[in-house]
Amino acid sequence: MKTLFALLNSMPAECFTAVPRQSASAKKRQFKAKLAAQPPAGARSAFREVEKIYLSRNPPPDYGAVVDLSCPHLLPDIEAHALESSLLGLLETSNDPIDLEKLIYTFSRYPGLLVIPNAIPPAAQRQLIKNCMRNTSRQPNLNNLDSHYLLPEEGLWYHFERSRKTPELEHEDVLVDTIAQKEQTTSARTRPECSRRLITDPAVDSETPIGILRAAKEQPVPSDSVKPEKASQLLFKLRWTNLGLMYHWTTKSYQLEEVFNRGSEAIVPMPGDLASLSKSILRAIPQYLIPLNQDWSDFKPESGIVNFYQLKNTLMGHIDQSELVKDQPLVSFSFGHSAVFLIGGTTRDEKPMALFLRSGDAMIMSGSCRRAYHGVPRIIEGTLPSYLDEIDKWDAEDQTKATKEDRDDWKIFAEYLRTTRINVNIRQVFPEGYLDRLSL
Ligand code: OGA
Ligand code: MN
């Protein structure tokens, strides 16, 4: 049973929506076949072995081996460094007091992995979460549901918020139709791969021929098994939304065609708050901690993804290697529930380290870690910080500072966050000057 749960949990949300409805016995047969297809324990990669520990529901995992940077009992191969105090102010996106205790952790076994626990103060986290939910999870940014549903232009969050603010208008909560239903043509199509990243994305770099980069990729096929759903409920199936330059996670490719035709104008700008936060974090890293003497001072936040994890969602081990630039970092921010994050090596055969990523943590993947296997096998129940819960759970000082808007709105965000982890990760895609050098 344990393996069965692990298997289910390791499947991204869109897998569930892409599989047609089946009878219980057909489902059982399918799971049995999948289990039989699993490699025997000895043949599983070292990464998968560790992943399975944290995927387990019954019994739940022992978190004793997970590195916890929120209480600094340091292990021999982990070092803590102070942020340069003159740079600390750059991290502040709100009026929260500057916390001089902020530390950057490095790991001798994972050069280029930098973690700043609690980098973002509570009020700034709340503001970033609000903007994220209201502005990023709707057009022009594409998300995992766009391939299957005719999503309302104003986005799903708008309807969730409205249904909570004015419950008497519940009947106006729009029913979101499916694309397959509209088209009625899907039976002739072949079903695409449903997983987000079970297959490793092809590695590309600035030497990859343009012909290969611009090759048209298959578009994801609308699932014919999904049913129309109320917008405010469909929100809980939102698994990721794209920012900036569009990368379609289902087809595992950046949509470069437009960019090669029109240049950088074709890139939708990254939301301002996330762009400046990622640049500020990078600027706050002292040069001696930056691997290979790279220069991050002109990092361009060209593309990003916001991952929305419900408590049972996971992200399989993968490498992010679709970006053409190799010497710029990936910057990641976590909000809401804590997660177990695994970081390994350049093959699945290296045993990964497990560490907690908590709300407000910033992580930088660079150097050899930029293209290392990593994943999120577990979101941990009961770990939502009280400052993201309803206002009466905030500490007294925060409560006195709460604005009228907080009092009116935060309840709704807290309701969503009670089952959610959000991760935002931001990348530069093109090497400096790459697009200018192409004759457009
Ligand atoms: C990703 C990713 C990690 C996380 O989106 O590529 O690795 O912490 N996310 O959610
Ligand atoms: Mn990743």
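Counting starts at 1 for both ligands and their atoms, in listed order. Since the model is a prediction, treat every value here as computed from it, not as a measurement.
- Close approach of ligand 1 to R421 (heavy-atom distance below 4.0 Å) involves ligand atoms 4 (C), 8 (O), 10 (O).
- Close approach of ligand 1 to N307 is summarised as follows: ligand atoms under 4.0 Å from at least one heavy atom of the residue are 1 (C), 5 (O), 9 (N), 10 (O).
- The shortest N/O to N/O separation between H318 and ligand 1 falls below 3.5 Å.
- Checked against the 6.0 Å centroid threshold, W157 and F413 count as a close aromatic pair.
- When NE2 of H374 and OD2 of D320 are joined through the Mn ion (ligand 2), the resulting angle is 90° to the nearest 10°.
- Of all atoms in ligand 1, numbered sequentially from 1 with element shown, those under 4.0 Å from a heavy atom of V376 are 3 (C), 4 (C), 8 (O), 10 (O).
- Against a heavy-atom cut-off of under 4.0 Å, D320 is close to the following atoms of ligand 1: 6 (O).
- Under the 6.0 Å cut-off for aromatic ring centres, F308 and F236 do not qualify, their centroids lying 6.0 Å or more apart.
- The number of heavy-atom neighbours closer than 6.0 Å to OH of Y416, taken from other residues, nucleotides and ligands shown, is above 12.
- For S56 (side chain) and I53 (main-chain N/O), no donor-acceptor pair under 3.5 Å exists by modelled atom type.
- Considering every non-hydrogen atom in both N144 and K237, the closest pair reads ND2-O, 3.1 Å.
- Near H374, meaning under 4.0 Å from any of its heavy atoms, are these atoms of ligand 1: 7 (O).
- Counting heavy atoms under 4.0 Å from ligand 1, residue Y309 touches it through the side chain alone.
- In this structure, the side chain of Q428 engages the main chain of K300 through a donor-acceptor pair within 3.5 Å.
- Between the side chain of E381 and the backbone N or O of T419, no donor-acceptor pair lies under 3.5 Å.
- Look at M363 and you'll find every heavy atom at least 4.0 Å from all atoms of ligand 1.
- Which parts of ligand 1 touch I305 is read off a 4.0 Å heavy-atom cut-off, strictly below it: atoms 5 (O).
- With W240 contributing its side chain and V306 its backbone, the two residues share no donor-acceptor pair below 3.5 Å.
- Under 4.0 Å from ligand 1, the heavy atoms of R427 that appear belong solely to its side chain.
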